There are 2 protein chains.
Amino acid sequence: MGLTRKGEYAIRGMIYLARQEPGKLILVNEIAETVDVPQSFLAKIFQGLTRLGLVRSSRGAGGGFTLARPAAEISLREVIEAVEGPICANRCVLDDGFCNRSAHCTVHPVWHRVQDQVGAILDGVSLAELSK
Amino acid sequence: MGLTRKGEYAIRGMIYLARQEPGKLILVNEIAETVDVPQSFLAKIFQGLTRLGLVRSSRGAGGGFTLARPAAEISLREVIEAVEGPICANRCVLDDGFCNRSAHCTVHPVWHRVQDQVGAILDGVSLAELSK
DNA sequence: GTATATGAGACAAAAATGATCTTTTGGGTT
DNA sequence: AACCCAAAAGATCATTTTTGTCTCATATAC
């Protein structure tokens, strides 16, 4: 019913990046240490964030990670969905196969309302705000 | 990030009960079959619901389950929290030990807003409405 | 007493979570 | 070119949670 550690860690790491000089490359090692998460795990998480275009990475000596866009233009929702998958109150809203009763299910509209509300809140918060 | 099957099943079962004549005892077997969930599992789930006072049970021949209160007075939230635990966006909001940074954490207020919104929506929906 | 139904608890397979380690790839530096 | 540093990719593994099942105890109607 809540965020997993992956999500929590990703958020911590991204906020740390948002606090740095824009464009400056930061070692995953440094991030992991200061936000207090296992570095190997954070490296894995940041791999995913790179693939999805939330951060840019540079290999080799002097490499590291940096935000792909200005912190003000990255929402909390983006970060969360990148690592946790889409906001979803109940699988039946996503998977059509999960419950074949979608058509006449009275709870369905409730799930949609929940998702819309949560989505809106998370959309409205940027990394820039969180880094203050 | 969403409901587990336990939650989904509990809701289906409770809605089925809400559709019956108030006070009438229904076999867990009948519920399980018509809402299409494994009976052993549903029995276990209903045990918990009984313990928490959402349904009343009667043992022995002619026994079964029935809602403990009128369907209009049982909210969707109660059902969900009974089986899934409290609505919680991120563990740090619940466990104090999870992140020791609660005091200065900028994301904390966001989690609270999310929980309040979701809680409010789920509070506002009763089994009576869902059973229509 | 017997048939029937839930209560409680142990048990187990499968999936998700949380993490580590190794190997590969690509850039800088010399 | 040779070499080192650092990230990417992927394999592996441990732990926890989910999703059930099964057995036995207990309560009740007849």
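Keep in mind it's a predicted model, so treat the numbers as computed, not measured. Letters A, B, ... are given to chains in the order of the sequence lines, protein chains preceding strands, and every chain is numbered from 1. Values below: every heavy atom of this structure, side chains too, minus hydrogens, waters and symmetry copies.
- The side chain to side chain donor-acceptor pair (under 3.5 Å) search around A:D123 returns A:R77, not counting sequence neighbours.
- Neither A:L27 nor A:L67 shares a network with the other; the hydrophobic side chains, linked directly or stepwise wherever heavy atoms of I, L, V, M, F, W or Y lie under 4.5 Å apart, form separate groups for each.
- Comparing atom distances between the A:Q47 side chain and each of D:dT19, D:dA8, D:dG20 picks out D:dA8 as nearest.
- At a threshold of 4.0 angstrom between heavy atoms, the contacts of B:K6 are confined to the sugar-phosphate backbone, with no base atom among them.
- Remark: B:K44 pairs with B:Q47 by the side chain to side chain contact (heavy atoms under 4.5 Å, CB included) rule, at least two apart or across chains.
- With rounding to whole Å, B:L42 atom CG is found 14 Å from D:dT19 atom P.
- Along DNA chain D, the nucleotide nearest to B:G7 and the one nearest to A:G63 differ in position, and the one closer to the 5' end is contacted by A:G63.
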Would you check, one step at a time, whether the test side-chain contact (heavy atoms from CB on, under 4.5 Å) holds for B:R5 with A:R91? CA-CA 9 Å; B:R5 271 151 220 256; A:R91 305 191 230 200; 3.5 Å; yes
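- With a cutoff of under 4.0 Å to any heavy atom of chain B, the contacted region of DNA chain C is bounded 5' to 3' by C:dT4 to C:dG18.
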Between side-chain atoms of residues 14-22 of chain B and protein atoms elsewhere (two or more places apart, or another chain), which donor-acceptor pairs fall under 3.5 Å?
from, atom 1, to, atom 2, distance (Å)
B:Y16, OH, B:E30, OE2, 2.5
B:R19, NE, B:S131, O, 3.0
B:Q20, NE2, B:Y16, O, 3.0

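- Residues passing the side chain to side chain donor-acceptor pair (under 3.5 Å) test with A:Q117: none are found, sequence neighbours excluded.
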Begin from the C-alpha positions of B:S126 and B:E73 and carry the test side-chain contact (heavy atoms from CB on, under 4.5 Å) through to its verdict. CA-CA 7 Å; B:S126 75; B:E73 292 170 22; over 6 Å; no
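- Atom CZ in B:F46 sits roughly 17 Å away from atom C1' in D:dG20 (whole-Å rounding).
- Against DNA chain D, the stretch residues 48-57 of chain B makes no heavy-atom approach under 4.0 Å.
- A donor-acceptor pair is defined here as one N or O able to donate and one able to accept, closer than 3.5 Å; no such pair exists between the side chain of A:Q39 and the backbone of A:A32.
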Identify each atom pair where a protein N or O and an N or O of nucleotides 25-30 of chain D are less than 3.5 Å apart, giving names and distance.
from, atom 1, to, atom 2, distance (Å)
D:dT26, O2, B:R59, NH1, 3.0
D:dA27, O4', B:R59, NH1, 3.4
D:dT28, O4', B:R59, O, 3.4
D:dT28, O2, B:A61, N, 3.4
D:dA29, O4', B:A61, O, 3.4

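- Under the rule for a side chain to side chain contact (heavy atoms under 4.5 Å, CB included), B:P109 has no partner lying at least two apart in sequence or in another chain.
- Here B:E129 pairs with nothing under the salt bridge (Lys or Arg N to Asp or Glu O under 4.0 Å) rule; sequence neighbours left out.
- Within the 4.0 angstrom heavy-atom criterion, only backbone atoms of the sugar-phosphate kind lie near A:F65; the bases stay farther away.
- Rounded to whole angstrom, the span from the CD1 atom of A:I45 across to the C1' atom of D:dA8 amounts to 15 Å.
- Sequence neighbours left out, the pairs with a member in residues 42-65 of chain B that pass ring-ring contact (aromatic ring centres under 6.0 Å, His included) are B:F46-B:F65.
- Regarding B:F41, its CZ atom lies at a distance of 19 Å from the P atom of D:dT23, rounded to whole Å.
- Among residue pairs with one or both ends in residues 49-72 of chain A, those qualifying as side-chain hydrogen bond (donor to acceptor under 3.5 Å, both in side chains) are A:R69-A:E78; sequence neighbours excluded.
- Against DNA chain D, the stretch residues 14-33 of chain B makes no heavy-atom approach under 4.0 Å.
- A distance of 9.5 Å separates OG1 of A:T106 from CD1 of B:I11, quoted to the nearest 0.5 Å.
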